[in-house]
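Protein chains get the first letters and strands the later ones, always in sequence-line order, with residue 1 at the start of each. Reckoned from all heavy atoms, side chains included, excluding hydrogens, waters and symmetry mates.
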Amino acid sequence: MRSIEEKRRSGIWIWQAVTGVLLVILLSLHMIVHHFVVEGGLRTYEQVLAYIGNPLVVVIEIVFLIVVTFHAMLGVRAILFDLPLTERQKTLVTRALTAVGLVVGAWGIFLALWLFRMARMA
Amino acid sequence: MAVPIQHKSPAARAVQAWFNPLKRSAGFLAFVLMRITGIGLVVYLLIHMVVIGNLLRGPAGWDSLIQTMKSPWVLALDVVLIAGILIHMLNGLRVTIIGLGFGTQSHKGIFWTLMAVAVLLLAYSAWLVFTK
Amino acid sequence: MTNNGFFGPKKTITLKVLRYKPGAIDPPRYDTFRVEANAVTTVLDALEEIKATQDSSLLYRHSCHPASCGTCGMRVNGREQLGCVARLLEQGSDVVVVEPLASAPLIADLVVDMTPFAERFAPAGMRLVRESEFNPEAETPVGVETFTRYEDCIECNICLSACPVANTNPAFIGPAGLAAAYRALVTGERSPAEVFAYVDHDDGVWRCHSAMECSAVCPSNVDPGHKIMALRRELVTYKVKRFFKRG
Ligand code: HEM
Ligand code: HEM
Ligand code: HEM
Ligand code: FES
C-alpha cells in the first residue's frame, strides 16, 4: 500500500488558475497596446518610450511581467510533473524553474525601469 | 510497429499520450491544445524577452527590427501567436471554471462555444494585423 | 457477407491482436485472425472463438459477459471498451485492432496487472467487497471491516487507460481512486482531513488537467472526471476558508 503521509501538500494549481485569470486582462492589454493602437501597428522606439514613460504603465508592465513569468514556470512544472519523477527530481525541477523565473523577472524589471528612465530623460 | 505504450520510454509515452487526440473526445482535444499552446507561449516569452533587449540599443537598434517585423511573413507569425493566445486563454478560463467543479457536465459545449469565440476574435485580429 | 441469420447478415472481420509473452513472444507483435461476425458478435465473443478454434495460447481476461464485473477492459481500435459489450460490427472498420489497456503493467497478450489499480481504492475509503444485503450474518474476511463499495464503479481500469496523465505518471492516483475519495467524502465515510490527506498533493487531485476522457470512456456512468472536479472544489473551499480563519 502506498504511504500517503509522506506526500507534500500542494495547491499550486490554484495559483496557475489565479494568475491565468489575471493574464486575461494583462495580456489582452499588452497585445492591444503593442499591436493595434498606434498607426502602422507595431510601436517604434519613440512610441514605446512614450507609452512606458507613464508611471502607471511601468507598474502595470512589471506586474504583467511577474504574473506571466510565474504562470509560465508553474505551467512548465505542471507538464514536467506529469512524468514519472522521483521526489528528488521534483525538487530539482522546482528549483531550476524558480531560478529561470528569477532571471527572467530580474532582466525584465531592469529593462522596464531602464526604459522608464530613458523616457523620463527625453 | 507493435510496441505497447507500457514498454516505451517516458518521453515516447508522453508524445503518444499527450498529443494525439485521435479517437478521443472534445475534452481531450482541449487538453492537447492547452499543452501545445502553453509550451509555445513559454518559448515565445523567452525569445521575446531577449528580443526586447534590443530596446537598450536605442532607436537605431529597435526601429530597423520593427521594420523587418512588419514584413507579411512575420505578421503571419503574429497571427499564429494570437491564435495560440486566444486558444490558450479561452481554454484556460474553461479549465478554471470546470476545474472548480462548475459546469462539468456541459464541458464539451463550453469548449466548442469558446473555440467559436476564438475563431471570431482571431479573424478580427488578423484583419487588424494586416490592415493597420 | 454470408447467410442472413436472425441477427442480420454475417461479415468477415479481421482482428489484429497485440501478442506478447515474456521470453516467448518478445518483442511484441500483432497477430491477425479472421472471424465471422453478425450484429451481436462482441469483441470478447471473437476472442473466445479464436482461442477455441485458431490459437489456444491467446490470453485475455473476462468473467461475467454482461458488463458488470469489469474484467474485460481493452482498447479496441484505440478506444477503451469492455470487450464483452463492444460489438465488432460497430467498430467502424473491417480490420479491428485489439490491444491491452494502457497505464497498467503488461503481463501477457491482452492481460494487464490490475494490482496498482486495485491498491488505489482502500486508501480512498472504498473496499472492493460488495455490501452483503441479504445475509447480515455473513462473516467478513480478515482485514475487512465492513462490506461497502462505490456502487457504480466496476473497477475495470478503463479510465486510467484513457487518462493522458495516468499514461505517463504511474504515481497519479487517477480517476477511479479520486472519484472513490470524493464519494467517501460526501457520504461521510471518511473525514475531510482523511480524504484531503490522501488527495492533496502533486500526484493527487491537482495532477488532473480536465481532459475528461475518463468520463467519456467510463462504461458504467461513474463520470469520474466530474467527481475529480467536485473534489477539487471541496478542497479549494476548505483551503480558502482555512486561509481566512488563520489570517
Ligand atoms: C506580437 C506581439 C507583441 C508585441 C509587439 C510586444 C511588444 C513588446 C514591447 C515593445 C515590449 C517592451 C516595452 C514594454 O515593456 O512595454 C514588451 C514587453 C513585454 N512583453 Fe511583449 N509583445 C508582444 C507579445 C507578448 C506576449 C505574447 C507576451 C507573453 C507571453 C509578452 C510579454 C511581455 C512582457 C512580460 C514584457 C515586459 C518586459 C519588461 O517590461 O521588462 N509580449 N512587449
Ligand atoms: C491569457 C491568459 C491565460 C490564461 C487564462 C491561462 C490559464 C491557464 C490555466 C487555467 C492553466 C492550467 C491548465 C491545467 O490545469 O491543465 C494553464 C496552463 C498553462 N499555461 Fe496558461 N494561461 C494564460 C496565459 C499563458 C501564457 C501567456 C503562458 C506562457 C507564457 C502560459 C503558459 C501555460 C503553460 C505552459 C501551461 C501548462 C499547460 C499544461 O498543463 O498542459 N499561459 N494556463
Ligand atoms: C439448478 C441449478 C443451479 C442454478 C439455478 C444456479 C444458479 C446460479 C446463479 C444464478 C449464480 C449466480 C450468482 C451470482 O451472480 O453471484 C450461481 C453461481 C454459482 N453457482 Fe450455481 N446454480 C445451479 C447449480 C450449481 C451447481 C450444481 C454448482 C456446483 C456444483 C454451482 C456452482 C456455482 C458457483 C461456484 C457459483 C459462483 C458463486 C459466486 O459467484 O460466488 N451451481 N449459480
Ligand atoms: S466480462 Fe465482465 S465486464 Fe466484460
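- Comparing C:E234, C:M212, C:R29 by how many heavy-atom pairs each has under 4.5 Å with chain B, the most go to C:M212.
- Distance check, rounded to the nearest 0.5 Å: CE of B:M34 to OG of C:S210 gives 9.5 Å.
- Note on B:P10, B:G27, B:A30: by heavy-atom pairs under 4.5 Å with chain C, the leading option is B:G27.
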Would B:R24 and C:E80 count as a salt bridge (Lys or Arg N to Asp or Glu O under 4.0 Å) if you check the C-alpha gap in whole Å, the side-chain angles of each, and the deciding distance to 0.1 Å?
CA-CA 10 Å; B:R24 297 298 180 195; C:E80 288 75 10; 2.8 Å; yes
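- Dense packing is recorded around CZ of B:F19, with more than 12 heavy atoms of other residues, nucleotides or ligands lying under 6.0 Å away.
- Within the 4.5 angstrom heavy-atom criterion, atoms from both the backbone and the side chain of C:L106 approach chain B.
- The contact between C:V112 and chain B is made entirely by side chain atoms (from C-beta outward), counting heavy-atom distances below 4.5 Å.
- The backbone N or O of C:L101 lies less than 3.5 Å from a partner atom in the side chain of B:Q6, making a donor-acceptor pair.
- At least one donor-acceptor pair closer than 3.5 Å links the side chain of C:E213 to the backbone N or O of B:S25.
- With respect to chain B, the highest number of heavy-atom pairs below 4.5 Å among C:S103, C:P27, C:A104, C:S215 belongs to C:A104.
- Taking CH2 from B:W18 and NE2 from C:H209, the interatomic distance works out to 7.5 Å, rounded to the nearest 0.5 Å.
- Separation of atoms CG (B:L22) and CG (C:N77) is listed at 12.0 Å; rounding is to 0.5 Å.
- Looking only at heavy-atom pairs under 4.5 Å with chain B, the residue among C:A166, C:C208, C:A162, C:A216 that has the most is C:A162.
- Distance NZ/B:K8 to OG1/C:T168: 13.0 Å, rounded to 0.5 Å.
- Considering OG1 of B:T104 and CG of C:D223, their distance stands at 6.5 Å, rounded to 0.5 Å.
- Contact annotation for B:A14: both backbone and side-chain heavy atoms come within less than 4.5 Å of a heavy atom of chain C.
- Within the 4.5 Å cutoff, the side chain of C:L18 has heavy atoms near those of the B:P4 side chain.
- Your options are C:R232, C:H226, C:R19, C:E99, and the one with the most heavy-atom pairs under 4.5 Å with chain B is C:H226.
- With contacts defined as side-chain heavy-atom distances shorter than 4.5 Å, the pair B:F102/C:M229 does not qualify.
- Both the backbone and the side chain of C:A102 come within less than 4.5 Å of a heavy atom of chain B.
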